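What follows is a short report on a single structure.
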There are 4 protein chains.
Amino acid sequence: MASNKHEEIAQAAIRLFEKKGYHATSVQDIADEVGLQKGSLYHYISSKEDLLMQITHQAINGFNRNLEKIMNLQLPVREKFILAFESHLNSLTSNMSMAIVLLREAFSLGEHQHSVIQQATDQYLDLWCRILDEGLASGEFHHTNSRLTALSILGSLNWVYRWYDSNKRLSPNELAREFANIFLRGIERR
Amino acid sequence: MASNKHEEIAQAAIRLFEKKGYHATSVQDIADEVGLQKGSLYHYISSKEDLLMQITHQAINGFNRNLEKIMNLQLPVREKFILAFESHLNSLTSNMSMAIVLLREAFSLGEHQHSVIQQATDQYLDLWCRILDEGLASGEFHHTNSRLTALSILGSLNWVYRWYDSNKRLSPNELAREFANIFLRGIERR
Amino acid sequence: MASNKHEEIAQAAIRLFEKKGYHATSVQDIADEVGLQKGSLYHYISSKEDLLMQITHQAINGFNRNLEKIMNLQLPVREKFILAFESHLNSLTSNMSMAIVLLREAFSLGEHQHSVIQQATDQYLDLWCRILDEGLASGEFHHTNSRLTALSILGSLNWVYRWYDSNKRLSPNELAREFANIFLRGIERR
Amino acid sequence: MASNKHEEIAQAAIRLFEKKGYHATSVQDIADEVGLQKGSLYHYISSKEDLLMQITHQAINGFNRNLEKIMNLQLPVREKFILAFESHLNSLTSNMSMAIVLLREAFSLGEHQHSVIQQATDQYLDLWCRILDEGLASGEFHHTNSRLTALSILGSLNWVYRWYDSNKRLSPNELAREFANIFLRGIERR
DNA sequence: TATGAATGAGTCTTCATTCAT
DNA sequence: GATGAATGAAGACTCATTCAT
C-alpha cells in the first residue's frame, strides 16, 4: 500500500498532467503542489515518467477490473451491454482527470512503458468484443464485425472526456443509456 | 501563398509531431528534417507554436470544408449521412499524420490559439448536428438528442486514428459504411 | 578502536571507491553495500570525505610502518633494498583496493587533508632515500641523486596497480625481485 | 581542424581538470573560464565526458606519435632508448596539464571510451617493449622480461607528474638522461 | 536567404547531510 | 543505534529564440 505522501503526489500529478499536460508540467510544479522540495519528491517516485506510468496503469486497470466484473455476471447480454456503458462512463467521470491522463498522455511514455499500457488497453477491447460475441451467439445481436463495432463504441465513450461537463444536466448513467441505446438499436436483431 | 520551403517545413513538422509528439520534437529536429539550420527556420515560421497552429488550423479547416460541400448537396439525408462518414474518414486517412496532430496535439497550443481551433471544431460538430436535424425534420430519423448523437459519432470517427492500419483490408470508404450502418440503424425510423 | 560496523563501512567504501572512484560512489552506494540506511551511516562516519581520509591515512601508514621495520633491521643494504621492494609490493597487493584508493583518489581530498597524506607520502620517500644513502655510505652503491632514484623506484612500484593481475603467474615477491634486480644493477657498484 | 573556440574550451578544460579533477570541475566552471554561457558550450562539445575523451585521446596519441618517430630512426638501440626517455618526458612536461589529465582522469571515462584509451596505452607499452627486444636481439641488452622492464620504466616516467617541478633545476632532458642511465645500467650487457 | 554563435531560462535528477522519531 | 523524510544546492544538459554577418 502506497504511503499517504505517495498518493498525494500521484493525485497532484494527475491534476497537473490533466490541466497542463505531461510535458508542460515540471517536477517543480508537482513539488510545489505538494509542498515539498523538488528533490524530496524523489523519495517517492523514481522519475517523472514513472509517475505517469503508475497513473496510466492504475487508470486502465480500473477500466479493466470494472468491465470484468460485469462480464462475470449472470445476466442477459442486453443488460450486460448497458452495464458496460455505465461502467465505462462511471470509471471515466468518477476520476475524470485520471482518465484524461490515460487517454491523452499515455503516448508520452517511453516505448516500453507505452506498450504495457497498450496491452492492457487491448485487453479492454477484447472484453468488449466478448460481449458482442456473446450477443451474437445468443442470437440477440445480428452479425457484425465485433471488433469494428467495439472500436466504434470505445471511440464514442472515450471521446466523452473532450466535451463532458459534469455540471451539466446529464449524469454518467443517463449518458450511458443514451449511448447504449444508439448502439443497441444498431446491432440488435429486430 | 506559402513558399515551397514553408510547405516543406510544415510537412516535416507534421511528420515529426505525429511520430514524437509536439513537445518531444525540437526545432532542431525539424531543421534537420528539412536540411536547414535551426536559425534559418525562423525566416519561414514565427515560432514552433505558430507552426503547430497552422497545421491544426489547416487540418480542421479541411474537415469543415469537406463536410460543408456535402451539406450543400441536394440529396436524401440518408445519403448525406453516409457521405459525411466517408468524407470524415477520407480526410482523416488521406493525411493521417496531420489529422493526428490535430486530434492529439492541439491541446498543446496556448489558450488563445487553442480556443480558435476549438471554435472551428465546434462548427464541425454543428454541421453534424444539422444533418441529424435534417433527418429528424424529414421524418427519416427518429427523435434523438442530436448533439449527443453527433458527439457519439465523432468519437467513433476520431478514435479511428488510434487503431486504423492503412495496410489492412479495410478501405476508408468501407470503414465509413460499416460505421454509418451502425449509426443509421441506431437512429433511423423503422 | 573502531567498532565492527565502522570497519565494515570502511571496507565497503574501499571496495566501491576502487571500483567506481570516489566521486562516482554515492553515500547511498556505501549504505546499500553495508545494508544500512544512508542516514544511519552518519553514526559511524562524519562525512564521506572523512571516510576517504581514514582509508588513505591507514593505507599510507601501512606502507610507512612496514618500511620502517625493514630500516631497523641489521642487514646489508643490498638485502634491505630487496626487502623494501618486497615490502612495498606486499603492502600493495595484499590490500590492492586500499592501495588503489590511496594512489588514485587521495587527490580528491580537500587541501588540508590532502596535505596530511602528502606529508606521510614524503616521509615514505625519505625512508627510501635513506636506504639509498646507506648504500652510498657503505660503498655498495655508486653515487646517484638518491631522491631521483627513489622517485624512479617508487614510480615503478606504484604503477604496478595499473597492470598487476593477481591471477597471473607472478607473485608479489617474484615481481619485487625482478624490479629490485633492475634497479640494483642500475645503482650497484661494479 | 578544430575552431578556435573549440580549442579554447579544450584548453580551459585541461587546466581545470588538472587543477580540480574531472568530477570536481563543472561545466559551469569551464564556461566561466571561456567566458561563455553554460548552454553555449554545447555548440562545441557534445558532453563533458566527450571533452575528457578528446583530451585524453589527443594526449595519448601525442605520446604514441613521438615514440613511433623514434622507433623509425636508424640508430643504435642505446640511443633510441635514451631518446625514448627524452621523448616521454618532453611530451609530459611540455603539456603537463594534458598529461596529468590523461594519467589521472582517464579512469573517469565510461567503460567504452576508457577502453579506447586503454588500447592506445597498450600500444605505447608495445613500442617500449620493441625497443627492449631490439636491444636484446642485437646483444646490447641482456635477457629480461621486456614487458616487465617496460612497465617498470613507464611507472618511473609516469610518476614524474606527481613530483616534477618545472621551476626546478632539472630540465626534462636532464631528468630523462638520469632515468635512462639507471635503467641502462640495469639492462645493458657488461 | 542562410548561417551558426550565443543566450538564458528551464529540464530532470542526484546527492551529502541533517534531524525528529 | 537506526530510520527515512526532508533539504537545498548543484549537477549536466536542452531548447526556442535572436541576431550579426
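Every chain is numbered from 1, with letters handed out A, B, ... down the list of sequences. Keep in mind that this is a model prediction, so the values were computed, not measured.
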[X] [atom1] - [N] [atom2] separation (whole Å):
| X | N | atom1 | atom2 | value |
| --- | --- | --- | --- | --- |
| A:L51 | E:dC12 | CG | C1' | 13 Å |
| B:H43 | E:dG4 | NE2 | C1' | 11 Å |
| A:Y44 | F:dT7 | OH | C1' | 12 Å |
| C:L109 | E:dA16 | CG | C1' | 16 Å |
| C:K48 | E:dA16 | NZ | P | 4 Å |
| D:L36 | E:dA6 | CG | P | 5 Å |
| B:Q28 | E:dT11 | CD | P | 20 Å |
| D:L41 | E:dA6 | CG | C1' | 11 Å |

Could you work out which one of F:dA16, F:dG11, F:dA6 sits closest to the side chain of D:S26?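 Closest nucleotide to the D:S26 side chain: F:dG11.
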Nearest-nucleotide wise, let me know which of C:S46 and A:D29 is further upstream toward the 5' end of DNA chain E.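 Here A:D29 is the residue nearer the 5' end.
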With nearest nucleotide decided by heavy atoms, which residue, D:G35 or D:K38, maps closer to the 5′ end of DNA chain E? D:G35
When you look at NZ of A:K19, are more than 12 heavy atoms from neighbouring residues, nucleotides or ligands closer to it than 6.0 Å?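 It does not: A:K19 NZ has 12 such atoms or fewer within range.
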Report, as yes or no, whether the 6.0 Å neighbourhood of atom CD on C:Q119 holds more than 12 heavy atoms from other residues, nucleotides or ligands. no
For A:G39 and D:G39, take the nucleotide of DNA chain F holding the closest heavy atom to each; which residue's nucleotide lies nearer the 5' end? A:G39
Closest-nucleotide mapping onto DNA chain F: is D:S40 or D:A24 further toward the 5' terminus? I mean the 5' end. D:A24
With a 4.0 Å limit, can you tell me whether B:Q37 has a side-chain N or O closer than that to the phosphate oxygens OP1/OP2 of E:dG4?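 Yes, within the criterion.
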Strictly below 4.0 Å: does C:Y42 bring a side-chain N or O up to OP1 or OP2 of F:dG1? no
Reckon A:T25 touches a base, only the sugar-phosphate, or nothing at all at heavy-atom distances under 4.0 Å?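 Sugar-phosphate: the residue A:T25, judged by heavy atoms under 4.0 Å, touches backbone atoms but no base.
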Check B:I45, B:L36, B:L51 against B:I30 for a side-chain contact (heavy atoms from CB on, under 4.5 Å) and give me the one that passes.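 The single option meeting the side-chain contact (heavy atoms from CB on, under 4.5 Å) with B:I30 is B:L51.
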A:R104 to A:Y161, cation-pi by 6.0 Å centre distance and 45° axis angle: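 No, A:R104 does not sit over the ring of A:Y161.
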Using purine N1 to pyrimidine N3 plus N6-O4 or O6-N4 for Watson-Crick, or N1-O2 and O6-N3 for G-U wobble, each under 3.5 Å, what pairs with E:dT21? F:dA2
Criterion side chain to side chain donor-acceptor pair (under 3.5 Å) against C:Q11, the qualifying member of C:E7, C:R15, C:E8: C:E7
